[in-house]
Every structure is written in C-alpha cells, then in structure tokens.
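The structure under discussion appears below in the form of structure tokens.
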Amino acid sequence: MAKIIISLLAAFLCYGAIMGLSSATLISPWFPAGTALLFSAITGFAFAHKWEKFTNTASFIPNYICHLIAVTGVLGASFYIINYAFADSSTTHTVKAVVERRYTETRYKSKRIRRNVYGRGEPYKVYYMELRFENGMKKSRLIDIKKFNRLRKGDTVNVDIARGALYVPVIKK
C-alpha cells in the first residue's frame, strides 16, 4: 500500500511540474508530451511485466497503462525541470511581447464545514495576460492586479528569455 501511495504522489508531482513549467517554456507543450508518450509507449511493450508487483495482476493492459502514465510523467517532468533549472543565465536577453489579451479567473478558497469535511469557500480572482512573441507563440502569464490594471491589449512588454539547458528558450522571472 505504501508503494502505491508513494507512486501516486510522485506521479502527481511530475504532472504538476509539467503544468507549472510549461507556461514558462517557449515550446508547444505537445512536442515534449508527444515525445514522452511515444517513448513510453514503445518501452511499455518491453517493461509492462515489471509492473505486475505494483498492479497485482499478470494482465498486460493494466501494466501497460501504468507504465504509460508513470514514464510519460517522469520523462515530461524531467524535460521541463532540467531545461528550466539549468538554463544558461549568460544567454538572458530581453524580447518584446505584445499583450494579446488580459483576463481573470475566479478561484475559490476551501472552507472547513466540520471535521474532515471541506467545501467551496469564498471566491477570489487571479489575473493573467496572454503574450504573443515575435515567433507567433502565445503564453499566458500570471500577474498581480497592479500590473493588470496598468496593461491594455496591444501594449508591448519586455520579457527576459534565457536559453534552457536543452536549448529550449525559457521565460525567466
């Protein structure tokens, strides 16, 4: 049981890293995801039987699916983490990006109703701007309300870009 919990936690962390760092990486998220999925699909035929202890079954399909989910997450997270964390700071340069749109999302705090029971609490807003870079790529960035109120559609903002460790450009804060 402990193996299952640790494995699920690791998978959530990997997919969380992918979601968090994909907005700061100037590449279509389909390329790393597709590459990781293709690699895990190919290796799944050879390593699906290794998941028998984890799934407690000798059936190929559940073992193959576990392999796909785990290896795709680990490879995708590895790509984004290595590329962003080891970006070459000496290559940092400023590029101009156009504010394509600015928008808000409503999120909700969690509210404790009683012991071990939580529900949806009060709403709050988070503010975003969607940037269009010179190469046509669009990326959404979280901003504070002060910057949100100051920016308008069509404004130009300066963004610091560095070359990632795997040669994929990343947005540095």
Return the CH2 to OG1 distance between W51 and T57, rounded to the nearest 0.5 Å. 14.5 Å
Rounded distance [0.5 Å steps], OH in Y84 versus OG1 in T25: 8.0 Å
Is the closest side-chain heavy-atom distance between V168 and L26 below 4.5 Å? no
Would you say K96 and N158 make side-chain contact, with heavy atoms under 4.5 Å? yes
Hey, what do you get for CD (E100) to CZ (R132), rounding to the nearest 0.5 Å? 4.5 Å
Just verifying a value: how many Å separate Y64 OH and S59 OG, rounded to the nearest 0.5 Å? 13.5 Å
Can you confirm whether F12 is buried at CZ, in the sense that more than 12 heavy atoms of other residues, nucleotides or ligands lie under 6.0 Å from that atom? no
Check this for me: F31, atom CZ, are more than 12 non-hydrogen atoms of other residues, nucleotides or ligands nearer than 6.0 Å? no
I161 and L131: same hydrophobic cluster, using ILVMFWY side-chain contacts below 4.5 Å? yes
Check the angle between the aromatic planes of H67 and F47 and answer parallel, tilted or perpendicular using the 30° and 60° thresholds. parallel
Between N83 (side chain only) and L166 (backbone N and O only), is there a donor and an acceptor less than 3.5 Å apart? yes
Under a single-linkage definition using a 4.5 Å side-chain heavy-atom cutoff for Ile, Leu, Val, Met, Phe, Trp and Tyr, are V71 and I18 assigned to the same hydrophobic cluster? no
Quick test of your reading of the model: are R163 and D88 salt-bridged, counting only N-O distances below 4.0 Å? yes
Evaluation steps, side chain to side chain donor-acceptor pair (under 3.5 Å), between T92 and D160: CA-CA 6 Å; T92 302; D160 290 333; over 6 Å; no
Single-linkage hydrophobic cluster M129~Y103, side-chain heavy atoms < 4.5 angstrom: no
Is the ring pair F148/Y127 parallel, tilted or perpendicular, if the boundaries are 30 and 60 degrees? tilted
Could you measure the distance from the CD1 atom of I143 to the OG1 atom of T104? Nearest 0.5 Å is fine. 10.5 Å
Look at K109 together with E122 and state whether they make a salt bridge at an N to O cut-off of under 4.0 Å. no
Pair N63-H49, side chain to side chain contact (heavy atoms under 4.5 Å, CB included): steps then yes or no: CA-CA 7 Å; N63 295 327; H49 69 279; over 6 Å; no
So how far is it from I171 CD1 to R141 CZ, rounded to the nearest 0.5 Å? 4.5 Å
